Amino acid sequence: MKSPFERLKINESLQAALSSIGFEKPTEIQERVIPGIINGQDMIGQSQTGSGKTFAFLLPLMHRIDIQKEEVQAVITAPTRELAQQIYNEFLKISEQMPEEKQIKAKAIVGGTDRKRMAEKLKTVPQLVIGTPGRIKDLVKAQELVVYTANMLVVDEADQMLDMGFIEDVDQIASRMANELQMMVFSATVPEKLQPFLKKYMKNPKHVHVEPQHITAKDIKHVLLQTKHNDKLAMLIKTARNFNPYFAIIFANTKKMVDEIADAMAAEGLSVERLHGDVPPRTRKNIMKRVQKAEFQFLVATDLAARGIDIKGVSHIINYEFPKDLDFYIHRAGRTGRAGMSGVCASLFEQTDQHAVQKLKEKKITFTYEQYKNGEWIAVKQREKSAASKEQDGVYVPKPRKVKPGYKKKMDEQKKKLMKKKRRNQR
Ligand code: AMP
């Protein structure tokens, strides 16, 4: 039987490997970028994680790497260690299905691993390098890794690379690669600031944009849970307990807040780990391994974990606070509802978040308001908006009543009567 991947012109052993891991047909981004990459075209792939974008570049690269040549032929860069490791794991998924003589030699090169050991490992030359820009650049500069033989470069999550200040490192790697360099840039957004870099290295790139709503018909329920600033931590712990999720990621905006939440949850006996930039690399790696095996129930994280990382079985996202950059709300929510499963993205919501919620509604996110009552989550009814009453995201502002003339006087008289009656009864 013909594989649906055949028309993308990837070779038979890759097709067989894909069918043995149960991939039945290419996703939209794969369909639209793989033929061009195989033809050597520069490519800008604009799509979100979850669209199958990793294989959109991995497959054509694997197709093109010449197994006979013992030299670096392609470099894939990603902004975080976790993401680089994840791309490497996806590579292994396919590679392990291939006959041994067709297996590409690949190395994951990420910061945090011992430099000396890494240099030792590089004595066998990889054909494919997957890693973070800083570490790859260091090794290239130290001439422990030779990349001038490589003519394919992937920059994954390019907008995040730019935000994190890694584009310069990528630039330095690119400048040491082959002159005829094919560059593939994948990014959820293509900000103007990225243009100088793109122009420097790309010749008439093909720009493929897969609209977010096409990615997956994700079944994510967006929930707002009303809270007050002072009760927030207690409310979070209650919420975490009440959801009793298969696995939940709790997002906060700062490392300090992540620590505070994780400490409080641990003190309450919840099964919790944390992930942020100050957690030592080795621990981070270990946590990611344990996450995949669902060895604990809650991960508290900064937005470091919001982008790119594919964690299976995330049933709930809880936003302790809304992210400053609202695009991250979408990235965070995207960690759940993966692989056709349904998911819940719940946000603790206080007065000051009204503006954020409004902005998200403009992005076509539909929220429901819920409360935990008598052992179950129930939707809290939102009163209808009317000309005179204004419902502002869960906060009901009562309609000013029309007051009949003489009403105040009547009320005062009634009050006086009641007071008199009360005094009489007290005697
Ligand atoms: P990504 O957008 O690369 O993070 O991919 C999201 C998930 O989709 C990963 O778990 C992939 O293994 C999976 N995936 C990628 N391509 C396909 C495909 N053609 N069919 C089924 N699953 C896929």
Side-chain angles (χ1 to χ4, degrees), residues 2-11 14-35 37-38 43-63 76-98 108 130 154-160 184-189 208-220 247 249 288 291-294 304-315 317 330-343:
K2 267 194 179 178
S3 153
F5 285 94
E6 192 185 320
R7 66 171 182 278
L8 301 183
K9 307 264 184 295
I10 53 171
N11 63 44
L14 274 172
Q15 287 174 34
L18 285 163
S19 95
S20 56
I21 61 167
F23 284 14
E24 287 169 2
K25 57 179 189 353
T27 64
E28 184 181 344
I29 185 83
Q30 291 164 4
E31 187 101 41
R32 292 175 61 195
V33 307
I34 290 176
I37 298 180
I38 287 182
M43 187 71 66
I44 300 172
Q46 194 175 345
S47 72
Q48 314 265 351
T49 312
S51 58
K53 73 176 166 67
T54 314
F55 280 122
F57 56 78
L58 264 181
L59 293 174
L61 256 54
M62 289 174 84
H63 169 91
I76 299 172
T77 56
T80 62
R81 293 163 191 161
E82 284 76 9
L83 188 54
Q85 193 62 47
Q86 185 178 295
I87 297 170
Y88 182 70
N89 292 345
E90 293 278 84
F91 161 81
L92 287 181
K93 235 192 305 192
I94 296 283
S95 176
E96 280 162 0
Q97 303 298 324
M98 311 273 279
I130 303 172
V154 173
V155 185
D156 195 15
E157 303 282 355
D159 52 358
Q160 201 183 357
M184 290 138 277
V185 170
F186 284 79
S187 197
T189 58
V208 171
H209 186 186
V210 174
E211 294 291 338
Q213 58 264 41
H214 295 181
I215 300 171
T216 37
K218 276 193 174 181
D219 185 9
I220 300 177
F247 188 82
I249 307 179
M288 288 310 292
V291 162
Q292 302 296 358
K293 294 191 217 146
L304 176 81
R307 289 289 289 267
I309 291 169
D310 184 31
I311 300 176
K312 302 247 160 20
V314 180
S315 55
I317 297 299
I330 298 168
H331 299 314
R332 290 176 180 185
R335 300 308 97 214
T336 185
R338 295 174 82 80
M341 310 241 295
S342 65

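Keep in mind the model is a prediction, meaning the values are calculated, not measured. Atoms within a ligand are numbered from 1 in the order they appear, just like the ligands themselves. Side chains are part of it too, since the values below use all heavy atoms of this structure and drop only hydrogens, waters and symmetry mates.
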Can you sort out which atoms of ligand 1 are near [X], meaning under 4.0 Å from one of its heavy atoms?
| X | value |
| --- | --- |
| Phe5 | 19 (N) |
| Lys93 | 12 (O) |
| Lys53 | 1 (P), 2 (O), 3 (O) |
| Phe55 | 12 (O), 15 (C), 16 (N) |
| Thr54 | 1 (P), 3 (O), 4 (O) |
| Glu90 | 9 (C), 11 (C), 12 (O) |
| Lys25 | 18 (C), 19 (N), 20 (N) |

Notebook entry, point to check: Residues two or more places apart in sequence or in another chain: which of them pass salt bridge (charged side-chain N to carboxylate O under 4.0 Å, His left out) with Lys9?
Noted result: none
Note to self: Ignoring hydrogens and geometry beyond distance, is a side-chain donor-acceptor pair present between Thr54 and Glu90 at under 3.5 Å?
What the structure shows: no
Margin query: I'd like to check the side chain to side chain contact (heavy atoms under 4.5 Å, CB included) partners of Arg32; sequence neighbours left out, ordered by chain and number.
Written below: Glu28, Val208, Val210
Margin query: Tell me whether Gly52 has any N or O atom under 3.5 angstrom from an N or O of ligand 1.
Written below: yes
Note to self: Given 3.5 Å as the limit, does a donor-acceptor pair link the side chain of Glu6 with the main chain of Gln15, or not?
What the structure shows: no
Next item on the list: Could you go through the side chain to side chain contact (heavy atoms under 4.5 Å, CB included) check for Thr27 and Ser51 one step at a time?
Entry: CA-CA 7 Å; Thr27 64; Ser51 58; 5.6 Å; no
Note to self: Which label fits Phe57 and Phe186: parallel for a plane angle under 30°, tilted from 30 to 60°, or perpendicular past 60°?
What the structure shows: tilted
Next item on the list: Report the part of Phe186 (side chain from C-beta onward, or backbone N, CA, C, O) that has a heavy atom under 4.0 Å from ligand 1; answer both or neither where that applies.
Entry: neither
Margin query: Check contact between Glu24 and ligand 1, using heavy atoms of the residue and a distance below 4.0 angstrom.
Written below: no
Next item on the list: May I ask you to say whether Glu31 pairs ionically with Lys25, meaning some side-chain N is under 4.0 Å from a carboxylate O?
Entry: no
